[in-house]
There are 2 protein chains.
Amino acid sequence: MRDRSYGQFCGLAHAAELLGQRWTILVLRDLLLAPRRYSELQEGLPGIPSNGLARRLKELEADGLIVRELSEAPDRSVRYRVSERGQELIPALDALARWGAADMREPRPGEVVTAASLASALRSGIRSSTAAADRTGRTVYQVRVGDAVAHAVLEDGVVQVGVGPREDATLSLEGGPAFRDVLAGDLELADAVDRGEITAHGDHGLFEAFTATFQVPYRNANPPVEAAPSGR
Amino acid sequence: MRDRSYGQFCGLAHAAELLGQRWTILVLRDLLLAPRRYSELQEGLPGIPSNGLARRLKELEADGLIVRELSEAPDRSVRYRVSERGQELIPALDALARWGAADMREPRPGEVVTAASLASALRSGIRSSTAAADRTGRTVYQVRVGDAVAHAVLEDGVVQVGVGPREDATLSLEGGPAFRDVLAGDLELADAVDRGEITAHGDHGLFEAFTATFQVPYRNANPPVEAAPSGR
DNA sequence: CTGGATCCTCAACGATACTG
DNA sequence: CAGTATCGTTGAGGATCCAG
């Protein structure tokens, strides 16, 4: 667009100016889960044009949402990581992810699951209150869908979500789209395992704890705030 | 784009597909505050091309986020309103609005404030807990910035935000960009009134209650959720 | 091999004019 | 009032090429 500004002094308009370009939100999603190199981003965002990624990264850096850093002498590789300002996006992106997940059922033809999409789904579904009430020990979940692996570590009521595997997983789950139904609360994890749609290794006694900690309800996931849709 | 899909089975990607087009979020912002006619939307979104608005409305209707309804026989006018699914966006858009507001200071040249941007700012700043603890009476705030007027009604701890004036305002405020500083907590409402930057009519005893109910903190407005930015 | 830059094409956006 | 029609501009998509 000639001028990406909306000409309004409005927080939402400003957010839309910064995040509204194609691929921007997914680049940030991946970077919010781990610092990434250019080629790692390309790998995690199948279909992104090479120059498109370069453009987005430059814009995001200019807007102060990410930082481009050169590694120390040994490899001299380039890494992108989110700035503090970028970190503050997490609650908003999680709210968007919950909303977007509400009308997903089956993957459409050709749709893939990436490590970042999986981890993002987990993080957006965290129920802090439930996690805080959880037992005081340490629990490590690992979730795998195809090649995509993500994990979550619960310790002292705090949940840390990340991409990639964890060798020390307390409960390791592997499955397909049935995960969506489990996260949505439409399917009991134990039932999914019984039906063979999800394979579990480790402490099967954590099935209920997993479901209690991660939930992306199918509808009305978000705390309601009242507006006046019929006002004037 | 050739195909607006991102090819990922991911709630955030799906949300980005639905909301990522230009003007889409602002159209929804306005419709989430009140049903609107085509010409009212044009008026509230200065600069939107006529055909662009028409395109967005058709897409939003096809995606099930808004409903196009013809009024009864008398006038035969067309009104757009958000669907239930669209309503569920409120928490996510409010979170985005808070994030976006965090690095706004002065309006950039040419930027305007509309009734919807004002009301949206108020709604995104609602502190439900504070509002719930408020007195049991009924309070009506009216806020005006230039031609833009919005209001909020507190009753039984529930806040309803809307566009347009309220004749029954308990406290009526009028001012300029100083409102941003008050909402951000950088400026006491009483001080702003003392300096003449904001004019108040009605019950001046509500100054503290207003600030306690509406806050869009400058930084770290959102409840922190932990991610693993350095994980792997 | 990583980290891009360049080029070309086409669909989305934008401005304006016009119509049922 | 509620849009269409037309047309020019620009950014996105995709392939290829280049430098360290």
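Naming: A, B, ... by sequence-line order, numbering from 1 per chain. Keep in mind that the numbers below use all heavy atoms, side chains included, and drop hydrogens, waters and symmetry copies.
Counting to the nearest Å, the C1' atom of C:dC13 and the CZ atom of A:Arg4 are 16 Å from each other. What separates OH of B:Tyr80 from P of D:dC1 is a distance of 14 Å, to the nearest Å. Distance, B:Glu69 CD to D:dG3 C1': 18 Å, rounded to whole Å. For the pair B:Arg22 CZ and D:dA12 P, the interatomic distance rounds to 11 Å; values are reported in whole Å. As rounded to whole Å, 9 Å separates atom P of C:dT2 from atom CD of A:Glu40.
The phosphate of C:dA12 has neither OP1 nor OP2 within less than 4.0 Å of any side-chain N or O from B:Gln21. In terms of phosphate contacts, B:Arg56 brings a side-chain nitrogen or oxygen within less than 4.0 Å of OP1 or OP2 of C:dC13. The side chain of B:Arg68 places an N or O atom within less than 4.0 Å of a non-bridging phosphate oxygen (OP1 or OP2) of D:dG3. The shortest distance between the side-chain N/O atoms of B:Lys58 and the OP1/OP2 oxygens of D:dA2 is not below 4.0 Å. The phosphate of D:dA12 (OP1 or OP2) has no side-chain N or O of B:Tyr6 nearer than 4.0 angstrom. Using a 4.0 Å cut-off, no side-chain N or O of A:Arg37 falls inside it from OP1 or OP2 of C:dC1. Applying the 4.0 Å criterion to OP1 and OP2 of C:dA12, one finds that B:Arg55 has every side-chain N and O outside that range. Checking the phosphate oxygens (OP1, OP2) of D:dT4, no side-chain nitrogen or oxygen of B:Tyr38 falls inside 4.0 Å.
Considering only residues two or more places apart in sequence or on other chains, B:Glu69 meets the side-chain hydrogen bond (donor to acceptor under 3.5 Å, both in side chains) condition with B:Arg81.
At a cut-off of 3.5 angstrom, the base of D:dT4 holds at least one donor-acceptor pair with the side chain of B:Ser50.
A donor-acceptor pair is defined here as one N or O able to donate and one able to accept, closer than 3.5 Å; such a pair exists between the side chain of B:Glu17 and the backbone of B:Tyr6.
Atom CG of B:Asp147 has 12 or fewer neighbouring heavy atoms from other residues, nucleotides or ligands inside a 6.0 Å radius.
End-to-end axis angle of the helix from C:dC1-D:dG20 to C:dG20-D:dC1, using five pairs per end and rounding to 10°, comes to 30°.
Between B:Glu40 and B:Arg37 no salt bridge is recorded (no basic side-chain N to carboxylate O distance below 4.0 Å).
Where A:Val78 and A:Asn51 each meet DNA chain C at their nearest nucleotide, the meeting point lying more 5' is that of A:Val78.
For the residue pair A:Ser50/A:Tyr38, the side-chain donor-acceptor check at 3.5 Å is satisfied.
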